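Fair warning: this is a prediction, and the values are worked out from it, not measured in the lab. So that the names make sense, note that chain A is the first sequence line, chain B the second, and so on, each numbered from 1.
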There are 2 protein chains.
Amino acid sequence: MDDAQHQYVDRVATFFTMFGSARAWAEILGWLMICEPAERTQAEIAEDLGLSAGTVSTQLRAHVQLGMVEQVRVRGDRTQRYRLRSGAWFEVMSSELGRIHAMGEIARAAGPVLPQVRPERVTELADLADFFAREWPPLLERMQANLTKGQS
Amino acid sequence: MDDAQHQYVDRVATFFTMFGSARAWAEILGWLMICEPAERTQAEIAEDLGLSAGTVSTQLRAHVQLGMVEQVRVRGDRTQRYRLRSGAWFEVMSSELGRIHAMGEIARAAGPVLPQVRPERVTELADLADFFAREWPPLLERMQANLTKGQS
DNA sequence: GCACAATTTCAGTATTGCCTGAATTCATTG
DNA sequence: CAATGAATTCAGGCAATACTGAAATTGTGC
């Protein structure tokens, strides 16, 4: 891991940390974006980034559960390898749909306490959630079409 | 503030807390969505939610800076009043564009360390950011058209 | 089934960041 | 300009969480 790589990992980590993610989580993400080879063991990641084995285990699991990272099994080698999933970023955008629905739920749950004055404080949120619930799936389709076209 | 209102504030607070926001920040947001009248002073919010004056001051400023809440000056009254901005939720979606550009920057900044193998780990992010940078503005326009239509 | 290495778990420690409460500053009215 | 009340600031306490390091567990290959 040379200076430029270290710098880049730091930049990515700083960026994602701004949104509340753990430092180690973000560093692992940044490193998996640029490391070579793309597949790495937990021990290597720990060594490369100067993190403890425990931290790598925990944060790597978080990445796997989010669908950003996948495990690669190599025959004849007992070590598990991890790498950034192809389509990882797309996955993140797809999962946004769940949060959109949750927003709609929140807005609808306000029924019993809907204010007399300026009820749009709540209804605007409901409209927004409905709008995105409608628009998001076709947007994802266009996005996928756009990406597959670009990689040719 | 009756039981049902308290319950709703708690629900909203729990939801936004999941994304890393401070509890007080989220409670204030939930309360401003349903309180009557819609305009409230810092002292009232502190009293209603059982928060200290300092906390309300700090978190309310955060809301104002994000564009979610606006200050209302009432003539002949020295107390400032605060309320949820009309179009507050729309504002949040608009500001997303800034984060999209930041993502693109991150992807482009990888130039010097672009991996030989599986470079799509980085380029997919760049494509994604470019796609959303293109799609977001028209989406916002459709969204605004949709909302104004609904409120008639 | 055994041995070995990788991974996970977990108790303890460090750190971060929220919240409070009191002192200070600011703004408005008389 | 003085008085009054609201808003802000900030040091300190506290709770939540990230990280470490070592022990326990798991899973391969021989």
>> One pair to check against side chain to side chain contact (heavy atoms under 4.5 Å, CB included): A:I28 and A:T55. What are the steps and the verdict?
In response: CA-CA 10 Å; A:I28 291 172; A:T55 298; 5.7 Å; no
>> For D:dT28 and A:R73 - does any side-chain N or O of the residue sit under 4.0 Å from the phosphate oxygens OP1/OP2?
In response: yes
> Does B:R118 use its side chain to pair, donor to acceptor, with the backbone of A:L84 at less than 3.5 Å?
Replying inline: yes
>> Is B:Q80 close enough to C:dT28 that one of its side-chain N or O atoms is under 4.0 Å from OP1 or OP2 there?
In response: no
> In the single-linkage hydrophobic clustering (I, L, V, M, F, W, Y; side-chain heavy atoms under 4.5 Å), do B:W31 and B:V64 co-cluster?
Replying inline: yes
> Does A:Q5 reach the side chain of A:I34, with side-chain heavy atoms less than 4.5 Å apart?
Replying inline: yes
>> Please determine whether side chain to side chain contact (heavy atoms under 4.5 Å, CB included) holds for the pair B:E91 and B:L66, giving the CA-CA distance in whole Å, both sets of side-chain angles, and the decisive distance to 0.1 Å.
In response: CA-CA 8 Å; B:E91 192 66 29; B:L66 281 172; over 6 Å; no
>> Output the rounded distance in Å from CD (B:E44) to P (D:dG5).
In response: 16 Å
> Should the pair A:W89 and A:F16 be assigned to parallel (<30°), tilted (30 to 60°) or perpendicular (>60°) ring geometry?
Replying inline: parallel
> Atom OH of B:Y82 and atom P of D:dA6: how far apart are they, to the nearest Å?
Replying inline: 13 Å
> Name the one of A:E39, A:R40, A:Q42 that satisfies side-chain hydrogen bond (donor to acceptor under 3.5 Å, both in side chains) with A:Y82?
Replying inline: A:Q42
> Which of residues 46-70 of chain A have a heavy atom under 4.0 Å from DNA chain C?
Replying inline: A:A53, A:G54, A:S57, A:R61
> Does the side chain of B:P37 come within less than 4.5 Å of B:E44's, by heavy atoms?
Replying inline: no
> Does A:H6 reach the main-chain N or O of A:M1 with its side chain, forming a donor-acceptor pair under 3.5 Å?
Replying inline: no
> Got a donor-acceptor contact below 3.5 angstrom from the A:E36 side chain to the B:Q116 backbone?
Replying inline: yes
> Going by number, which of residues 15-41 of chain A have a non-hydrogen atom under 4.0 Å from DNA chain D?
Replying inline: A:A22, A:R23, A:A24
>> With each end axis built from five pairs of C1' atoms, what bend angle do you get for the helix from C:dG1-D:dC30 to C:dG30-D:dC1? Round to 10°.
In response: 40°
> More than 12 non-hydrogen atoms from neighbouring residues, nucleotides or ligands closer than 6.0 Å to CD on B:E47, yes or no?
Replying inline: no
> Rounding to a whole Å, what distance do you find between B:R81:CZ and C:dT28:C1'?
Replying inline: 15 Å
